[in-house]
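Report on the following structure.
Lettering of chains follows the sequences in order, A, B, ..., and the numbering in each one begins at 1.
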There are 2 protein chains.
Amino acid sequence: MPVPTKKKPQVTAARRPAAGAAQARRRELLETAAEVFAEQGYNATTVRKIADHAGMLAGSLYYHFDSKESMLEEILRTFLDELWDGYDTVLDAGLGPRETLEALVTESFREIDRHRAAVAIYQKESKQLVAQERFGFLAESQRRFEKAWLSTLERGVAAHVFRADLDVRLTYRFVRDTVWVAASWYRPGGQHSPEEIARQYLSMVLDGIAVRE
Amino acid sequence: MPVPTKKKPQVTAARRPAAGAAQARRRELLETAAEVFAEQGYNATTVRKIADHAGMLAGSLYYHFDSKESMLEEILRTFLDELWDGYDTVLDAGLGPRETLEALVTESFREIDRHRAAVAIYQKESKQLVAQERFGFLAESQRRFEKAWLSTLERGVAAHVFRADLDVRLTYRFVRDTVWVAASWYRPGGQHSPEEIARQYLSMVLDGIAVRE
DNA sequence: TAACCTACCAAACACTTGTTAGGGAAGGAC
DNA sequence: GTCCTTCCCTAACAAGTGTTTGGTAGGTTA
C-alpha cells in the first residue's frame, strides 16, 4: 500500500515527534470517556458531554476516533486484553482448584481496581452489545470466562474440596456476579484494598457467614 | 375540587364502564414498556419501540401516560410497593436473625420471579435516577433496605449465629448484589423455582462452598 | 336518533443526537 | 523565512427524539 488511503495522515517513523505522544492523548481521552460512560451509561452519554469533560468541542473528538462506538469498543477491548493477561497467568500456573479460585477472585478485584470504569460499562452494556457483530469479542470472552470458572469449580467438586450438592452452574453465576458488581460501589483509594476485599469475599464464599458449631 | 382541571376526562363512578378496564389497559401497557426498558435499557428505548410492541403508534401512548419518564416512575413505584409489602411482613414477624435473613432472601427471589423486568430496570438505572428529585423515592427505599439488612446481620453477629470477623457492610453488599443480579439471568418458568434458587443461594451464603472437614 | 366518550391515528413540532467539512493557530523541519 | 503536520474550532447537516394537536371510528348512553 504505497499510497496511504487512511484519513489520518501517515507519519514516517523517523519523523514522528515524541513517539507515542498521540497515543498518550488517545488513552487520556479514552480514560475520561470511560468515566462518563460508566457514570451516565453509554446511551445517555453524548459526545458533547465527553468533549466537555475533556475540555474540547464535540467535533474535535473525531480527529482522534472514528465514532462514539469505536471509543466504546476500544475501551472494552483494552480492558478485556489486560483481564485475560492476568487470568491466563493464573490458569496456566497449575494450581489446585481452591487455589485457582482464590487467585481468580483476587485477580478480578485487582482488575476492578485498575479498570473500574471499564468494568462498570461492561456490566451495564455488554448484554445489549453482544448482539452486534462489532462486539462479538464480548461473546467469545464470555465463553472463555464461563469455561474457566466452571472447570475450576468442577475440578474442585471432583477433588472433594468443593461441595458436591450445589448446582455448579448456579454457583458459577453467584460467584461471577458478586465479584463483578463490586465495580458499582468500589472506589479506588477507599478503606479496603482489592486484596482485602478479595480475602473477605473468599472467606464468605468458601466458609459461609454462619457460625460453625 | 368541583371543577375538574385534569386533562383526562372525569367519569362519574356510576357511569364508568366495565369498572377498571382503563386501568387494566394501563397495566398491560406498563408491562410491555417494562419489558422493553429491561431489554434495551431506558435511554435506548424510544417511545416508538414501546408503541410497536403494544401494537399502536407513539403518540397514542400519551393518551394513557403523561410522559416516557412517568411510565418509568410508575413501573418502579409499583414494584417497590409490592416489594415492601413482602419485606415488612417478614420484618414484623419477630423472627430470629438467621430466619429473617432466610425469609428476606426467599422473598427477594419471589419478587424477581414476579417483577423480573422491573428489577432489571431498577438494577441498571436506579443509580442515575436517584439524582432526580422525581425519583427520590428510590433513595428512601435504598435507605430502608440497607437498614433492614444491616440490622439483621448485626443482630445475627450479636446472637453468635453469624461470624463476627467479617465486615458487616461488605457482607451486606455481597448478599444484596448477588440476590438482585439474579434478575439478569433468571427466566420465569425455567428449571429452578424461586424457592429452589433461594435454598441453594442460602446454603452457599450460610455454609460456604468449601467442603468441611 | 342524537350526544358523548373512549382509544386510537396522522402529522407535525422543537430539539438533541452523532457526524462531517473547512479552516486556522501553533510549532517543528528544512 | 517557508512548508508541513498536529490538533483543535466553527458551523452546519440529516436522522431520530419525546411530545402535542386535531381528528375520527366505534361503541355507550340517554
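Straight-line distance from the CE atom of A/M56 to the C1' atom of D/dT6: 12 Å, rounded to whole Å. Between A/M71 atom CE and C/dT19 atom C1' there is a gap of 13 Å when expressed in whole angstrom units. Rounding to whole angstrom units, NZ of residue B/K68 and P of D/dT17 are separated by 9 Å. Taking atom CG of residue B/L57 and atom C1' of nucleotide D/dT21, one finds them 15 Å apart after rounding to whole Å. Here C/dT16 presents its C1' atom at 15 Å from CD of A/Q40, a figure rounded to the nearest Å. A/F65 places its CZ atom 11 Å from the P atom of D/dC8, with the value rounded to the nearest Å. Atom CG of B/L29 and atom P of C/dA7 are 10 Å apart (whole Å).
Closest to the B/Y62 side chain, of the nucleotides C/dC8, C/dG18, D/dT19, is D/dT19.
A close approach under 4.0 Å does not occur between any side-chain nitrogen or oxygen of A/H64 and OP1 or OP2 of D/dT6. Between B/S60 and the phosphate of C/dC9, there is a side-chain N or O to OP1/OP2 separation shorter than 4.0 Å. Between A/Y63 and D/dC7, a side-chain N or O to OP1/OP2 separation shorter than 4.0 Å is present.
At a threshold of 4.5 Å between non-hydrogen side-chain atoms, the residues B/T106 and B/L202 count as touching.
When the ring pair (Phe, Tyr, Trp, His ring centres under 6.0 Å) test is applied to B/Y186, no partner is found at least two apart in sequence or on another chain. In this structure A/R25 satisfies the side-chain contact (heavy atoms from CB on, under 4.5 Å) test together with A/E28, A/L29, A/M56, A/H64, sequence neighbours excluded.
Taking the charged nitrogens against the carboxylate oxygens, A/E74 and A/R77 have no contact shorter than 4.0 Å, which rules out a salt bridge.
Screening residues 130-143 of chain B for salt bridge (Lys or Arg N to Asp or Glu O under 4.0 Å), with sequence neighbours left out, gives B/E69-B/R134, B/E73-B/R134.
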Between the protein and nucleotides 22-24 of chain C, which nitrogen or oxygen pairs are less than 3.5 angstrom apart?
none

Checklist entry - Under the side-chain contact (heavy atoms from CB on, under 4.5 Å) criterion, do B/T171 and B/F162 qualify, and how do the steps go? => result CA-CA 11 Å; B/T171 305; B/F162 297 149; over 6 Å; no
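Other residues, nucleotides and ligands place more than 12 heavy atoms under 6.0 Å from the CD atom of B/E196.
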Tell me which donor-acceptor pairs under 3.5 Å the side chains of residues 81-92 of chain B have, and how far apart each pair is, sequence neighbours excluded?
residue, atom, partner, partner atom, Å
B/W84, NE1, B/S141, OG, 2.9
B/Y87, OH, B/S108, OG, 2.5
B/D88, OD1, B/R144, NH2, 3.0
B/D88, OD2, B/R144, NH2, 3.2
B/T89, OG1, B/D85, O, 2.8

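The closest side-chain donor-acceptor pair between A/T178 and B/R173, if any, does not fall under 3.5 angstrom.
Contacts between residues 42-51 of chain A and DNA chain C, defined by a heavy-atom separation below 4.0 Å, involve A/T45, A/T46, A/V47, A/R48, listed by number.
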